[in-house]
Amino acid sequence: QVQLVESGGGLVQAGGSLRLSCAASGRSFSDWDWGWFRQAPGKEREFVAAITWSDADGTYYADYVEGRFTISRDSAKNTVLLEMNSLKPEDTAVYYCAAAAHISRRVAALSHMYSYWGQGTQVTVSS
């Protein structure tokens, strides 16, 4: 069992930055691969980024955030981070952290690969 709690969301102007945190508790942090997803009003949940220890901390990004967002993890703090720069109004969504037993590049974007989810944190980008 893993419990995930996101924080760091808020309101920011276009071009600004935010850093999201996902605090994990329960089973060993190092046992899991991690992902961030988001869901905008009226839209399906979509993949944002993932990081996997099994691939030597390989990182994967959706095309629409590549170069602007950075995912990382702090094993000492059991925390997964999502650094978001150059934010756009279309980045507005609820952002969710998720844990998976194992992911690869081929399946990182598939939400059903993730077993545990946080409650989400709202990110609003104004134009």
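This one's a predicted model, so the numbers in the text were calculated from it and none came from an experiment. Along the sequence shown, residues carry numbers from 1.
Checking each of L82, D91, L11, L20 against V123 for a side chain to side chain contact (heavy atoms under 4.5 Å, CB included) leaves exactly one that passes, namely L20.
Here the side chain of D33 pairs a donor or acceptor atom with the backbone of I103 at under 3.5 angstrom.
Scored by the side chain to side chain contact (heavy atoms under 4.5 Å, CB included) test, A109 finds F47 as partners (sequence neighbours excluded). Residues forming a side chain to side chain contact (heavy atoms under 4.5 Å, CB included) with V94 (at least two apart in sequence, or on another chain): Y96, Q122.
Residues I51 and Y116 share a hydrophobic cluster, clusters being chains of Ile/Leu/Val/Met/Phe/Trp/Tyr side chains in contact below 4.5 Å. Tracing side-chain contacts under 4.5 Å through hydrophobic residues (I, L, V, M, F, W, Y), one never reaches V5 starting from Y114; they form parts of separate clusters. Cluster annotation: V125 and W36 are assigned to the same hydrophobic cluster (Ile/Leu/Val/Met/Phe/Trp/Tyr, side-chain heavy-atom contacts under 4.5 Å, transitive).
Between E6 and Q119, the closest side-chain pair of non-hydrogen atoms falls below 4.5 Å. When side chains are defined from C-beta on, E83 counts as touching N85, because their heavy atoms get closer than 4.5 Å. Side-chain contact check for Y60 versus I71: every heavy-atom pair is 4.5 Å or farther apart.
Atom CZ of residue R105 and atom OG1 of residue T59 lie 7.5 Å apart, to the nearest 0.5 angstrom. Atom OG of S115 is separated from atom NE2 of H102 by 12.5 Å, given to the nearest 0.5 angstrom. Interatomic distance, S25 OG to L4 CG, rounded to the nearest 0.5 Å: 7.5 Å. The distance from atom CE of M113 to atom OG of S104, rounded to the nearest 0.5 Å, is 7.0 Å. With rounding to the nearest 0.5 Å, the separation of CE in M84 from OG in S17 is 8.5 Å.
The nearest pair of heavy atoms linking S127 to P89 is CB-CG, 3.8 Å.
Judged purely by distance below 3.5 Å, without hydrogens or angles, the side chains of S126 and Q13 never pair a donor atom with an acceptor atom. D74 and T79 form no side-chain donor-acceptor contact under 3.5 Å, judged by distance and modelled atom types alone.
Judged by the 6.0 Å distance and 45° axis criteria, R73 is not positioned over the aromatic ring of W32.
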Q) Stepwise, does the side-chain hydrogen bond (donor to acceptor under 3.5 Å, both in side chains) test hold for Y95 with R38? A) CA-CA 4 Å; Y95 282 71; R38 68 187 185 186; 3.0 Å; yes

Q: Please assess Y64 against E90 for the test side-chain contact (heavy atoms from CB on, under 4.5 Å), listing each intermediate value before the final yes or no.
A: CA-CA 10 Å; Y64 35 82; E90 50 264 44; over 6 Å; no

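Ring-centre distance between F37 and W117: below the 6.0 Å cut-off.
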